[in-house]
Amino acid sequence: MQPTIVDILALPVVQAGTPEVIGGGPLDKPVRWVHVSDLPDLSNLLQGGELVLTTGRPLADDSSSVAYLEGLAAAGAAGLVVELGVHVDTVPDGVARAADRLSFPVIALHRQIRFVEVTEEVHRSIVAEQYDEVAFARHVHEVFTDLSMKRASLGEIVDAAAGMLGAPIVLEDLNRQVLAFAAQGTTAADLLAEWERRSRLTPVSHQTAIDGPESWTTTPVGAHRQEWGRLVAPRPVAAEGRARMALERAAQALALNRMVEQDRTALEQQAQSGLIDELRRGRVQDEAEATARAHALGLRPALTYLPMTVRVSETASADQVLAQRRRVNMLDAVRHAVRTSRQTALTANTRAGQIDLLLSHPPASTPDALSELCAAIRAALTRLDGVLHCTIGVGPESTRLLDAAGGLTESAHIAEVALSLPPGDKVFHRAADIRLRGLLALIRTDPRVQAFAETELRGLLEHQARHGGDSVDVLRSFLELGGNKTELAKQLHLSRPTLYAKLATIQRLLGVDLDDAESRTSLHTAMLILRLRHP
């Protein structure tokens with residue numbers, strides 16, 4: 001920080017000259033340099049910000065003294081210090097009035113001092129400060145370069161920036177959600193209180209800026225016009241230049257971290273998908289080789305491994321780029337849920353709407369650990385745009401990774417069948433949960449099975465196609481309730497006579513007796529086949 005005129009006047013060497021402010025503007029102007037000269041015209045020698053020291057010769061001629069002062073002000077000088085007693089005994093009144101008019105500080109020294117001592121002391125402080133700034137800049141560069149080389153986490157980079165500035169720093173994404181923070185002298189509760197609301201009051205800038213009602217210093221993070229977040233210093237920092245430098249260098253390190261992590265994650269995911277594909281196809285026969293490769297890809301060693309499959313029902317999209325981006329986002333969401341649950345898994349996006357996992361499943365884990373993981377996966381996926389519903393199928397656990405990989409076929413089948421089940425409280429399904437639906441799902445493409453379903457329900461389907469109505473839904477509910485008409489009337493909010501009339505119509509269209517248990521079983525089976533075709 002450059003010294004001001006007030007700082008220089010407070011120096012003992014200047015105080016020895018008994019300084020007196022004759023006129024002019026504020027004395028808090030920064031001084032870039034101190035220049036000693038008695039020349040009558042310095043306009044071509046000054047660059048701006050200089051404090052001029054003179055023995056008064058340019059002021060000896062009243063006719064040119066005002067022009068001299070105007071020339072200094074026009075050249076951008078910070079002020080003028082006049083030593084009295086050599087060429088002039090007093091500062092001319094015209095100069096004092098001109099100083100006020102120009103808002104240009106003029107100071108008179110009533111005693112002689114050594115100007116060289118003034119210049120030495122001021123220049124030494126300016127150079128020392130410049131050296132400190134250079135040293136700080138080098139320190140900032142070295143720290144963030146080292147963090148980048150070590151692939152430091154977002155939190156470590158934010159901590160480093162906060163430590164340099166001695167102030168709290170927050171990294172947020174574009175939705176004003178906090179990704180990382182360093183409290184640095186305050187509490188997390190105070191720092192992050194009503195963060196989203198406060199953040200939205202501070203405008204987003206594409207460059208480092210101080211703005212908003214709380215005068216936050218913000219720096220965008222990410223490539224220009226492709227920012228994915230911003231760094232915020234929510235409290236004023238004394239050294240504004242240093243704050244700007246540290247935040248901008250930290251933002252560069254964060255952007256580099258994201259680029260490296262994305263590339264590394266993409267390569268890592270390709271390797272995991274490749275290994276799962278080889279295991280499923282039986283191309284790896286040796287258990288030791290399978291586990292060695294899996295552990296090298298981050299799967300934690302365990303006594304048992306668990307095959308899992310996530311199936312997603314999503315909105316159709318003709319935009320292939322959008323569809324591919326959604327697949328990537330779904331895989332990222334699943335991987336993030338696994339990491340935050342403190343578990344490890346190999347993952348593969350085997351086809352659209354399906355993600356396979358081989359989970360490291362230690363027996364010592366709590367009984368609810370699997371449910372918590374599946375709940376986290378479902379929550380993460382359902383937050384994505386275009387995702388309507390998801391189910392998770394879990395196959396049998398195995399002590400061998402090869403056997404667990406073989407169980408992915410079963411877990412995929414379970415997850416797919418579970419998509420046709422009515423919504424419930426289960427966060428995942430096993431083979432015991434799908435039973436008849438599982439069998440029908442295996443054979444639903446058989447023409448004989450399809451013909452059976454069409455034959456059983458033809459009369460009702462044709463009637464609904466011609467006349468509309470809710471007959472199919474009424475029959476489905478009737479069969480799911482095991483033929484209990486009382487419960488059905490309550491569920492559909494219908495009077496008993498109205499319900500009986502509807503059931504009589506359905507019975508006439510189908511040509512069967514709905515009170516017959518075997519008829520209901522046959523119709524229920526046909527309904528399940530129909531629902532598996534249109535989940």
Side-chain angles (χ1 to χ4, degrees), residues 311-316 353 378 382 387-393 412-535:
R311 287 285 283 123
V312 175
S313 173
E314 52 186 321
T315 57
R378 293 184 62 176
T382 51
V387 174
L388 304 176
H389 176 56
C390 77
T391 57
I392 301 174
H413 170 64
I414 295 170
E416 185 171 2
V417 174
L419 276 178
S420 67
L421 294 174
D425 297 331
K426 282 185 173 293
V427 292
F428 67 89
H429 294 81
R430 293 186 181 272
D433 299 319
I434 60 173
R435 304 174 71 185
L436 176 60
R437 290 176 188 264
L439 172 63
L440 296 177
L442 291 175
I443 61 175
R444 70 180 186 277
T445 57
D446 190 309
R448 292 169 294 181
V449 174
Q450 296 174 357
F452 163 76
E454 289 295 323
T455 301
E456 285 288 313
L457 301 171
R458 180 180 291 116
L460 189 61
L461 295 175
E462 289 178 353
H463 178 269
Q464 179 161 295
R466 291 192 182 97
H467 307 289
D470 59 352
S471 297
V472 173
D473 293 332
V474 171
L475 177 60
R476 180 182 291 114
S477 299
F478 174 74
L479 296 172
E480 289 175 351
L481 291 173
N484 189 322
K485 299 176 183 177
T486 302
E487 288 299 320
L488 181 60
K490 293 179 181 179
Q491 186 181 97
L492 299 181
H493 305 291
L494 296 175
S495 65
R496 297 287 286 272
T498 301
L499 176 61
Y500 291 161
K502 284 180 175 287
L503 292 177
T505 299
I506 293 172
Q507 191 168 255
R508 176 178 57 78
L509 292 171
L510 294 176
V512 297
D513 181 5
L514 293 181
D515 291 329
D516 180 65
E518 185 174 342
S519 292
R520 291 199 303 272
T521 300
S522 184
L523 290 171
H524 194 196
T525 302
M527 277 288 187
L528 290 177
I529 295 171
L530 185 67
R531 192 160 187 173
L532 285 170
R533 289 165 51 192
H534 307 286

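In what follows, every heavy atom counts, from backbone to side chain, and hydrogens, waters and symmetry copies are set aside.
A donor-acceptor pair under 3.5 Å is formed between the side chain of Thr391 and the backbone N or O of Ala415.
Arg476 pairs by the salt bridge (charged side-chain N to carboxylate O under 4.0 Å, His left out) definition with Asp473, not counting sequence neighbours. Gln464 pairs by the side chain to side chain contact (heavy atoms under 4.5 Å, CB included) definition with Val472, not counting sequence neighbours. Residues satisfying the salt bridge (charged side-chain N to carboxylate O under 4.0 Å, His left out) test with Glu456, not counting sequence neighbours, are none. The side-chain hydrogen bond (donor to acceptor under 3.5 Å, both in side chains) search around Arg496 returns Tyr500, not counting sequence neighbours. By the side-chain hydrogen bond (donor to acceptor under 3.5 Å, both in side chains) test, Thr498 is found to be paired with Ser495, residues two or more places apart in sequence or in another chain being considered.
Using a 4.5 Å heavy-atom cutoff, the side chains of Ile392 and Val427 are not in contact.
Listed by first and then second residue, the ring-ring contact (aromatic ring centres under 6.0 Å, His included) pairs involving residues 454-484 are His463-His467 (not counting sequence neighbours). Judged as a salt bridge (Lys or Arg N to Asp or Glu O under 4.0 Å), the pairs with a partner in residues 499-517 (not counting sequence neighbours) are, in order, Asp470-Lys502, Lys485-Asp515.
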Does Arg311 form a side chain to side chain contact (heavy atoms under 4.5 Å, CB included) with His413? I'd like the steps, not just the answer.
CA-CA 10 Å; Arg311 287 285 283 123; His413 170 64; over 6 Å; no
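Across all non-hydrogen atoms, the minimal contact from Ile414 to Gly393 is CG2-CA, 3.8 Å. Taking all atoms of both residues into account, the shortest heavy-atom contact from Ala526 to Phe452 is N-CE2, 4.1 Å. Considering every non-hydrogen atom in both Ile506 and Ser471, the closest pair reads CD1-O, 3.5 Å.
The distance from the CG atom of Leu475 to the CZ atom of Arg520 is 11.0 Å, given to the nearest 0.5 Å. Atom OG of Ser477 and atom CE of Met527 lie 9.0 Å apart (nearest 0.5 Å). Atoms CG and CG, on Leu509 and Leu457 in that order, are 11.5 Å from each other to the nearest 0.5 Å. To the nearest 0.5 Å, the span separating CD on Glu462 from CD on Glu454 amounts to 9.0 Å.
Checked options Val474, Thr521, Leu523, Leu514; the residue passing with Leu479 is Leu523 (criterion: side chain to side chain contact (heavy atoms under 4.5 Å, CB included)).
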